[in-house]
Amino acid sequence: MIHVGIHGSTGRVGRLLIDNLIKDKEAKPYVLHAIEEFSFTPPKDAVVTDDVLTLLQKSDVVIDFTISIGTETLLENALKHPTPLVIGTTGLNEHQQNLLKEAANNMPILYSTNMSLGVAVLNRLVELASKSLSDFDIEIVEQHHRYKKDAPSGTALTLGEHAARGRGLNLDDVRISGRNGLIGERSKDEIAIMALRGGDIVGRHTVGFYNDGEFIEMNHTATSRDTFAKGAIKAAKWIINQPNGLYTISDCLGL
Ligand SMILES: NC(=O)C1=CN([C@@H]2O[C@H](COP(=O)(O)OP(=O)(O)OC[C@H]3O[C@@H](n4cnc5c(N)ncnc54)[C@H](OP(=O)(O)O)[C@@H]3O)[C@@H](O)[C@H]2O)C=CC1
Ligand SMILES: O=C(O)C1=N[C@H](C(=O)O)C[C@H](O)C1
């Protein structure tokens with residue numbers, strides 16, 4: 001039985017990880033990291049802790065769905081006690097992304113801004129379309145629930161990276177995140193990534209390729225957050241058998 005630790009166990013995704021792991025035949029929710037009280041009853045036999053090092057020491061693998069500073073603390077502690085990690089938290093800053101790469105020299109880490117199969121395939125399609133439709137303007141729109149803290153979504157940024165890569169560009173050089181006022185005509189290479197927030201939208205991403213006379217829009221809609229929890233659990237079972245290094249969900253899915 002794989003002993004899974006959950007960082008962010010009281011959160012929207014964390015709670016679904018517990019629900020899915022309770023029913024799992026190969027893995028169980030063994031250590032739950034929580035800062036505040038649970039608003040639900042956690043499994044009786046799980047260890048509950050607010051100490052990150054204890055979480056790592058008692059787990060075969062830790063799944064993290066928290067907030068960027070939470071992931072930073074997890075990675076700092078994992079450098080003291082290397083443990084296979086699955087990280088889904090988005091909004092990591094440059095320092096935190098570098099920490100992720102550094103930690104991956106010492107343990108296997110799967111980091112993905114979206115744990116769904118659909119988005120993993122969409123990333124591939126976007127890169128191909130970007131390369132093939134070299135004259136088309138690329139625009140990305142993401143929509144999420146009102147509680148989401150970071151913008152744009154990690155998924156939208158990853159889709160943008162694939163779109164830029166398809167044209168041999170670096171997203172940081174061509175990304176824009178808003179338009180307002182007399183800004184002039186659109187430049188050829190720019191890739192806009194716009195964020196909408198409202199209601200209970202689980203996650204919706206549209207990548208549009210626009211030209212004179214035609215356009216293509218590729219859309220992915222997550223209709224259930226369970227998709228992310230199931231993807232992360234699949235990743236946890238896979239990452240424990242990998243050598244040290246940084247992986248994505250595409251590696252786990254063999255794409
Ligand atoms: N990769 C993917 O497929 C997906 C990624 N996400 C990302 O996962 C993250 C979490 O999403 P979601 O579950 O909706 O968010 P929630 O706000 O519902 O949950 C966040 C969890 O993190 C805990 N937390 C907050 N601050 C810290 C900290 N400093 N250290 C440790 N734990 C902390 C919270 O505890 P408390 O309740 O006590 O504040 C809570 O348990 C976000 O970054 C989101 O973008 C979401 C869905 C899919
Ligand atoms: O916060 C969310 O809810 C989600 N976050 C991820 C992101 O930022 O891309 C993945 C998914 O879209 C849901």
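Start at 1 and go down the list; that is how both ligands and their atoms are numbered.
- Contact analysis leaves Thr73 out of contact with ligand 1, as no non-hydrogen atom separation drops below 4.0 angstrom.
- Considering both main-chain and side-chain atoms, His145 never comes within under 3.5 Å of ligand 1 through any nitrogen or oxygen pair.
- Contacts of Glu142 with ligand 2, taken as heavy-atom pairs under 4.0 Å, are absent altogether.
- Regarding atom 42 (C) of ligand 1, its nearest protein heavy-atom neighbour is Thr66 O, 3.7 Å.
- Residue Phe228 places a heavy atom under 4.0 Å from ligand 2.
- Remark: among candidates Lys148, His220, Arg12, the nearest residue to atom 5 (N) of ligand 2 is Lys148, based on non-hydrogen atoms.
- Contact annotation for Thr113 and ligand 2: only backbone heavy atoms (N, CA, C, O) come within less than 4.0 Å of the ligand.
- For His7 and His33, the ring centers are positioned less than 6.0 Å apart.
- The contact set between ligand 2 and His145, taken as ligand atoms under 4.0 Å from a residue heavy atom, comprises 1 (O), 2 (C), 3 (O).
- Residue Phe228 places no N or O, backbone or side chain, under 3.5 Å from any N or O of ligand 1.
- Looking only at protein heavy atoms, the nearest one to atom 17 (O) of ligand 1 is Arg12 NH2, 3.5 Å.
- In terms of polar-atom proximity, defined here as any N/O pair under 3.5 Å, His33 makes no such contact with ligand 1.
- Distance remark: protein heavy atom present below 4.0 angstrom from atom 32 (N) of ligand 1.
- Of all protein heavy atoms, the one lying nearest to atom 4 (C) of ligand 1 is Phe65 CE2, 3.4 Å.
- Comparing heavy-atom distances from atom 7 (C) of ligand 2 across Ala195, Ala156, Gly154, Ala222 singles out Gly154 as nearest.
- At a 4.0 Å heavy-atom cut-off, ligand 1 touches Asp150 through the side chain alone.
- Ion pairing between a basic and an acidic side chain is recognised when a charged N comes within 4.0 Å of a carboxylate O; Lys148 and Glu142 show no such pairing.
- The closest non-hydrogen atom to atom 19 (O) of ligand 1, taken over Gly8, Gly11, Gly154, Ala232, comes from Gly11.
- Checking Asp150, Thr227, Thr158, Thr155 against atom 9 (O) of ligand 2, the nearest heavy atom belongs to Thr155.
- Proximity to Val202 (heavy-atom distance under 4.0 Å) selects the following atoms of ligand 2: 3 (O), 13 (C).
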